Amino acid sequence: MDQQKLPNATAVLILGIVSIVGCCCYSIPGLIAGIIALVLAKKDGQLYKNNPTLYSNYGQLNAGKIMAIIGIVLSILYAVYIVVLIATVGWDAMKDPELMQERMRELLGQ
């Protein structure tokens with residue numbers, strides 16, 4: 001029997017990579033790409049589990065799923081970092097580098 005490729009495996013892999021890269025853009029693109037990748041991976045995973053001998057690129061799907069999970073975790077960590085940074089130094093200091101340095105010196109006691 002001729003093996004087919006899973007329909008969304010390449011898309012899951014690309015979205016997994018985008019989720020890792022996108023976590024640095026205030027975490028929103030990374031979260032969106034990671035969640036979409038996980039949804040697509042779940043659909044293809046069900047196809048593979050129903051008939052594993054019919055499909056050949058499950059490894060690619062699995063790699064994309066792992067990267068999507070890593071991207072989501074990094075995006076969440078970055079979002080928490082941004083929230084903590086805004087809570088400690090303030091939103092106005094995020095826009096002004098000199099004010100940011102002054103507030104950081106105050107926090108460090110220098």
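Just so we're clear, the structure is a prediction, and the values are computed from it rather than from any experiment.
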Check: Y58 vs Y48 aromatic rings, parallel, tilted or perpendicular, using cut-offs 30° and 60°?
Finding: parallel
Check: Counting distance only, does the side-chain N/O of N8 pair as donor-acceptor with the main-chain N or O of D44 below 3.5 Å?
Finding: no
Next item on the list: Flag yes if more than 12 heavy atoms outside E106 fall under 6.0 Å of its CD atom; otherwise flag no.
Entry: yes
Checklist line | I20 to M67 - nearest heavy-atom pair and separation | finding: CG1-O, 3.5 Å
Checklist line | Residue among N50, L61, L6 satisfying side-chain contact (heavy atoms from CB on, under 4.5 Å) with Y55 | finding: L6
Item checked: Closest approach of A37 to G16 (non-hydrogen atoms, all atoms of both residues) -> CB-N, 4.2 Å
Check: Quick one: CG on D92 to CZ on R103, what's the gap to the nearest 0.5 Å?
Finding: 4.5 Å
Check: When rounded to the nearest 0.5 angstrom, what is the spacing between CD1 in I72 and CD1 in I32?
Finding: 11.0 Å
Note to self: Quick one, K43 and V39 - any side-chain contact, counting heavy atoms below 4.5 Å?
What the structure shows: yes
Check: Is it true that L31 and L15 fall in one hydrophobic cluster, defined by side-chain heavy atoms closer than 4.5 Å?
Finding: no
Next item on the list: Measure the spacing between CD1 of I35 and OG of S19 and express it to the nearest 0.5 Å.
Entry: 10.0 Å
Notebook entry, point to check: Out of curiosity, T10 OG1 to N57 CG, how far, rounded to the nearest 0.5 Å?
Noted result: 6.5 Å
Item checked: Nonpolar side-chain network containing I82, other nodes, edges under 4.5 Å -> Y26, Y78, Y81, L85, I86, V89, W91, M94, M100, M104, L107
Notebook entry, point to check: Looking only at heavy atoms, what is the nearest atom pair of A41 and V12, with distance?
Noted result: N-CG2, 3.6 Å
Check: To the nearest 0.5 Å, what is the distance between OG (S27) and CG (L74)?
Finding: 10.5 Å
Note to self: Any heavy-atom pair between the side chains of R105 and Q101 that's under 4.5 Å?
What the structure shows: yes
Next item on the list: Show your reasoning for whether side chain to side chain contact (heavy atoms under 4.5 Å, CB included) applies to L38 and K65.
Entry: CA-CA 6 Å; L38 285 181; K65 183 178 174 182; 3.9 Å; yes
Item checked: Spacing of I70 atom CD1 and I66 atom CD1 [to the nearest 0.5 Å] -> 7.0 Å
